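Nothing here was measured: the structure is a model prediction, and the numbers come from that model.
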Amino acid sequence: MPRLAGPFVALLLSTACVRANVEHLTPQRFEPIPPDSVTIFMDVSELQADSIAYDRIAMIYLKGDQTFTDQEDLFRKAREKAAEIGANGLMFQSMTEGKYSWFWGTESPRQGNCMALRWRIIPPEERKK
C-alpha cells in the first residue's frame with residue numbers, strides 16, 4: 001500500500017491545486033457530459049473550417065500552483081469544468097507559466113483561460129456553397 005500512496009497523493013495534490021472559475025456567456029444551460037468527450041482546440045483556425053459550427057457558452061479561468069501543477073493539470077481541470085456545464089469544446093486563449101517573485105520568496109501561479117464551446121460538424125447538405 002505505501003507504494004501506491006505516493007503517486008495517489010501526488011495526483012490528488014496536482015488536481016486539487018488547480019482552481020477554475022466559470023463565467024457563463026449565455027443564459028442557456030446544458031446537461032453535463034463526460035469530460036473525455038470535451039475536445040481541446042489550441043488554434044482558432046481549427047474552428048474556422050466550413051464544416052464546423054460552434055457557440056460560445058462560457059469563459060473558464062484557471063489558476064494552479066507553480067510547484068504542484070503543470071499544463072496537463074490545467075487541461076484536465078478545464079475539461080472537467082466544461083463537461084459540468086455541457087460544453088463539448090475548449091478554445092484555449094492563453095497559458096502562462098508562473099514566474100519567480102521575490103516577495104516572500106514565493107512563485108506566481110500557473111494560469112490559463114479558455115472559451116467553453118458547443119460545437120458540431122455541419123453535414124455537407126447544410127453547408128453554404
Side-chain angles (χ1 to χ4, degrees):
M1 187 71 168
R3 287 184 180 175
L4 295 176
F8 177 73
V9 170
L11 176 63
L12 185 61
L13 280 174
S14 68
T15 304
C17 291
V18 177
R19 295 173 307 284
N21 294 320
V22 175
E23 177 185 338
H24 289 274
L25 301 175
T26 176
Q28 188 175 10
R29 299 296 184 257
F30 303 94
E31 292 294 317
I33 62 172
D36 290 344
S37 62
V38 178
T39 304
I40 292 179
F41 299 97
M42 293 302 291
D43 190 292
V44 72
S45 65
E46 296 175 78
L47 293 167
Q48 294 177 334
D50 291 339
S51 60
I52 296 177
Y54 66 93
D55 294 310
R56 298 174 182 98
I57 63 169
M59 286 296 299
I60 300 175
Y61 303 97
L62 305 153
K63 189 179 280 190
D65 182 279
Q66 176 71 18
T67 306
F68 296 110
T69 62
D70 62 17
Q71 183 173 324
E72 288 305 312
D73 296 323
L74 294 179
F75 286 169
R76 186 181 319 71
K77 187 63 160 188
R79 270 195 168 109
E80 289 170 6
K81 283 296 183 184
E84 285 176 17
I85 63 171
N88 66 346
L90 291 168
M91 176 65 225
F92 271 85
Q93 297 179 327
S94 69
M95 297 286 286
T96 58
E97 297 295 320
K99 297 185 178 171
Y100 283 99
S101 166
W102 298 108
F103 184 72
W104 296 107
T106 61
E107 295 179 14
S108 60
R110 198 176 301 272
Q111 301 180 80
N113 64 52
C114 54
M115 182 80 62
L117 312 167
R118 297 261 309 174
W119 71 278
R120 68 182 181 93
I121 304 271
I122 303 170
E125 61 274 7
E126 292 180 24
R127 294 180 194 161
K128 295 177 184 176
K129 305 271 184 209

Shortest non-hydrogen contact between [X] and [Y], atoms and distance:
{"X": "Arg29", "Y": "Thr26", "result": "NH1-O, 2.6 Å"}
{"X": "Leu90", "Y": "Ala82", "result": "CD2-CB, 3.7 Å"}
{"X": "Cys114", "Y": "Ala78", "result": "SG-CB, 4.0 Å"}
{"X": "Asp50", "Y": "Ile122", "result": "O-CD1, 3.7 Å"}
{"X": "Met91", "Y": "Val44", "result": "CE-N, 3.4 Å"}
{"X": "Ile60", "Y": "Lys81", "result": "CD1-CB, 4.0 Å"}

Legend entry - Other residues, nucleotides, ligands: >12 heavy atoms within 6.0 Å of Asp43 CG: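 Correct, the count exceeds 12.
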Inset, instruction - May I ask whether Met115 and Phe30 are part of the same hydrophobic cluster, defined by side-chain heavy atoms of I, L, V, M, F, W, Y residues being less than 4.5 angstrom apart, directly or through others? - result: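 No, separate clusters.
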[X] side chain to [Y] main-chain N or O, any donor-acceptor pair under 3.5 Å?
{"X": "Asp73", "Y": "Val18", "result": "no"}
{"X": "Arg118", "Y": "Gly86", "result": "yes"}
{"X": "Trp119", "Y": "Leu47", "result": "no"}

[X] vs [Y] side-chain heavy atoms within contact, under 4.5 Å:
{"X": "Ile57", "Y": "His24", "value": "no"}
{"X": "Arg127", "Y": "Ser51", "value": "yes"}
{"X": "Tyr61", "Y": "Met59", "value": "yes"}
{"X": "Leu117", "Y": "Arg56", "value": "yes"}
{"X": "Leu62", "Y": "Phe92", "value": "yes"}
{"X": "Val22", "Y": "Ile85", "value": "yes"}

Could you state the interatomic distance from [atom1] ([X]) to [atom2] ([Y]), rounded to the nearest 0.5 Å?
{"X": "Gln111", "Y": "Lys63", "atom1": "CD", "atom2": "NZ", "answer": "5.0 Å"}
{"X": "Glu46", "Y": "Tyr54", "atom1": "CD", "atom2": "OH", "answer": "11.5 Å"}
{"X": "Phe41", "Y": "Ile52", "atom1": "CZ", "atom2": "CD1", "answer": "5.5 Å"}

Legend entry - Salt bridge present between Arg120 and Glu126 (N-O < 4.0 angstrom):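 A salt bridge links Arg120 with Glu126.
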